[in-house]
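Count residues from 1 along the sequence.
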Amino acid sequence: MPSGVTLAVVGAGDRGSAHARWALAHPERARVVAVAEPRAVRRDRFAADHALAPGAVVADWRELAARGRVADAVLICTLDREHLEPVLAFAALGYHIMLEKPMALTEDECRRIVAAVEDAGVILSVGHVLRYTAYTRALKEVLDSGRIGDVVSVQHLEPVGFWHQAHSFVRGNWRRADEATTMLMAKSCHDLDWLQYVLGGPPARVSSFGRLSHFRTENRPAGAADRCLDCTVETTCPYSATRDYGDRLAQGRHGWPLSVVIDEFTPRALETALREGPYGRCVYACDNDVVDHQVVALEFASGATATFTMTAFTEQADRQTRVFGTRGELRGDGRQLRVYDFLTRTEEVLSPAAAGAMDAAGGHGGGDAGLMDAFVRAVATADPGLVRSGPRESLISHLTVLAAERARRGRTVETVRL
């Protein structure tokens, strides 16, 4: 008889499929037994990958919930605005839950999710994958050891990358705050969560500045068309969809982000998508409104301060961090750590085992696998302590994001209401 933790998957998009692939790689520990996905192409592909019987494959998660508890745990990977209702339903049925980030988009919904899982006595793990990398573990061990003394201040940079901004936050699903959520919540809740994790406590106060500066109609080049396929200046534009997606297809790079644009990896399918779909639009002729750069300043109860910068205008790269302590300094680039000791005036270089690039296509440097490993172990052993991104920790990071966005909009300094 098959053993291991059984999983149902709600939402078989890129994130849901990526998390579920962990079970294919570890069949002795977990297996997917059901899926709910509204898009037929995605649903059928997922069912084939996991050898699911027709009766275990549905379009609507409500149909799956109506069957009662058919698995030990559920991976909820629906769109950001559609997290609350399935969490409440599956928690009430006794499912342990892995919930893709962000957990919800408002304080009320976040608190309702926490209350629901705690009342039901089920494990909740939120998809803050940066907590689960070897790099993060090594960095946190340095800080916790006291090697650089007391932390006084931190600089943390998220270089989103020019093409990633264009793909996801100008043309893509997260381009508008009213249809999805803010840039800070969609992209950088990872980072504000990570800062509180490595520093060992939540911030007390935040302020923030940022705006949509570049991807606006007034910055449209002379002669630009509404779509890249029709554009006479496309070859001189760094944000050309024709070149970016076309190069990926020609090179056989069929994962994210190309997999978001097309379901069939053929030149004809790509041309149709760029001609008719959202990803072929000129970046200066979209309906986007989320910021393309933002700075958050944080003050912690200890008196330590931190600045977080998110910017679109970079080569896509790993996050970069500098931590300034009373006895030393730490510099990290997502792969290596450099620890400088004030007393000996020497530097040590630490290189945690790399496990892929830090983007979604690379499994977030091992964070995706680490998240699933911890969640499955927690469910198998009934030990929620194995989860590093539980309900209370994730609630704090979401409240921090919401406070920072209030500060940006209101030009205020906000207290993080825990």
Side-chain angles (χ1 to χ4, degrees), residues 102 128 130-131 133 135-136 139-140 142-144 148-162 164-165 169 182-214 290-340 342 358 393 396-418:
H128 288 302
L130 298 187
R131 289 187 178 227
T133 67
Y135 170 82
T136 295
L139 186 149
K140 185 167 173 56
V142 171
L143 299 188
D144 290 348
I148 66 168
D150 296 329
V151 173
V152 177
S153 58
V154 181
Q155 294 176 347
H156 183 62
L157 168 68
E158 182 180 15
V160 175
F162 68 100
H164 187 188
Q165 183 81 20
F169 306 104
T182 64
M183 182 75 183
L184 199 63
M185 184 68 86
K187 186 73 177 78
S188 303
C189 67
H190 273 317
D191 297 273
L192 297 189
D193 177 79
W194 185 84
L195 282 170
Q196 75 170 37
Y197 176 62
V198 298
L199 294 180
R205 299 194 303 162
V206 300
S207 62
S208 184
F209 304 91
R211 68 191 291 263
L212 174 59
S213 291
H214 182 66
V290 299
V291 303
D292 51 25
H293 64 108
Q294 188 166 354
V295 175
V296 180
L298 307 101
E299 181 183 55
F300 292 80
S302 65
T305 57
T307 57
F308 164 66
T309 300
M310 179 285 301
T311 180
F313 305 105
T314 67
E315 176 185 5
Q316 192 185 20
D318 292 340
R319 292 160 167 91
Q320 299 164 30
T321 308
R322 296 183 72 177
V323 184
F324 307 100
T326 55
R327 297 185 62 86
E329 176 186 351
L330 179 149
R331 289 177 290 156
D333 63 4
R335 294 183 178 273
Q336 283 191 332
L337 300 170
R338 296 180 178 272
V339 184
Y340 181 80
F342 294 165
M358 281 300 299
E393 298 91 341
I396 293 170
S397 61
H398 284 67
L399 295 178
T400 302
V401 170
L402 293 167
E405 190 61 16
R406 289 198 305 271
R408 184 186 73 85
R409 293 180 179 277
R411 299 183 179 182
T412 56
V413 175
E414 294 286 325
T415 298
V416 180
R417 302 189 295 257
L418 302 182

Student: Supply the atom-to-atom distance Leu402 CG to Cys189 SG, rounded to the nearest 0.5 angstrom.
Tutor: 10.0 Å
Student: With sequence neighbours left out, what residues match Tyr135 under ring pair (Phe, Tyr, Trp, His ring centres under 6.0 Å)?
Tutor: none
Student: Give a yes-or-no answer on whether the side chains of Thr136 and Thr133 include a donor-acceptor pair shorter than 3.5 Å.
Tutor: yes
Student: Judged by modelled atom types alone, do Thr182 and Glu405 share a side-chain donor-acceptor pair under 3.5 Å?
Tutor: no
Student: Distance only, no hydrogens: is a donor on one side chain within 3.5 Å (strictly under) of an acceptor on the other, for Ser208 and Gln294?
Tutor: yes
Student: So, do Leu199 and Leu143 sit near enough that their side-chain heavy atoms are less than 4.5 Å apart?
Tutor: yes
Student: Distance-only, no hydrogens or angles: does the Thr415 side chain make a donor-acceptor pair with backbone N or O of Arg417 under 3.5 Å?
Tutor: no
Student: Are Arg322 and Glu329 ion-paired here, with the side-chain N under 4.0 Å from a carboxylate O?
Tutor: yes
Student: Got a sec, which residues hit side chain to side chain donor-acceptor pair (under 3.5 Å) with His156, two or more places apart in sequence or on another chain?
Tutor: Asp191, Thr321
Student: Within a reach of under 6.0 Å around CZ of Arg327, are more than 12 heavy atoms found that belong to other residues, nucleotides or ligands?
Tutor: no
Student: Looking at CG of Leu298 and OG1 of Thr400, how far apart are the two atoms once the value is rounded to the nearest 0.5 Å?
Tutor: 7.0 Å
Student: Under a 3.5 Å distance rule, please check whether Arg408 uses its side chain to pair with a backbone N or O of Gly210 as donor and acceptor.
Tutor: yes
Student: For His214 and Phe313, run ring pair (Phe, Tyr, Trp, His ring centres under 6.0 Å): C-alpha distance rounded to whole Å, both residues' side-chain angles, the deciding distance at 0.1 Å, then the answer.
Tutor: CA-CA 10 Å; His214 182 66; Phe313 305 105; 5.8 Å; yes
Student: Give the intermediate values and the outcome of side-chain hydrogen bond (donor to acceptor under 3.5 Å, both in side chains) for residues Ser188 and Glu158.
Tutor: CA-CA 8 Å; Ser188 303; Glu158 182 180 15; 2.9 Å; yes
Student: Under the 3.5 angstrom rule, does the side chain of Lys140 hit a backbone N or O of Tyr197 as a donor-acceptor pair?
Tutor: yes
Student: So, does Asp292 use its side chain to make a donor-acceptor pair with the main chain of Ser213 at under 3.5 Å?
Tutor: yes
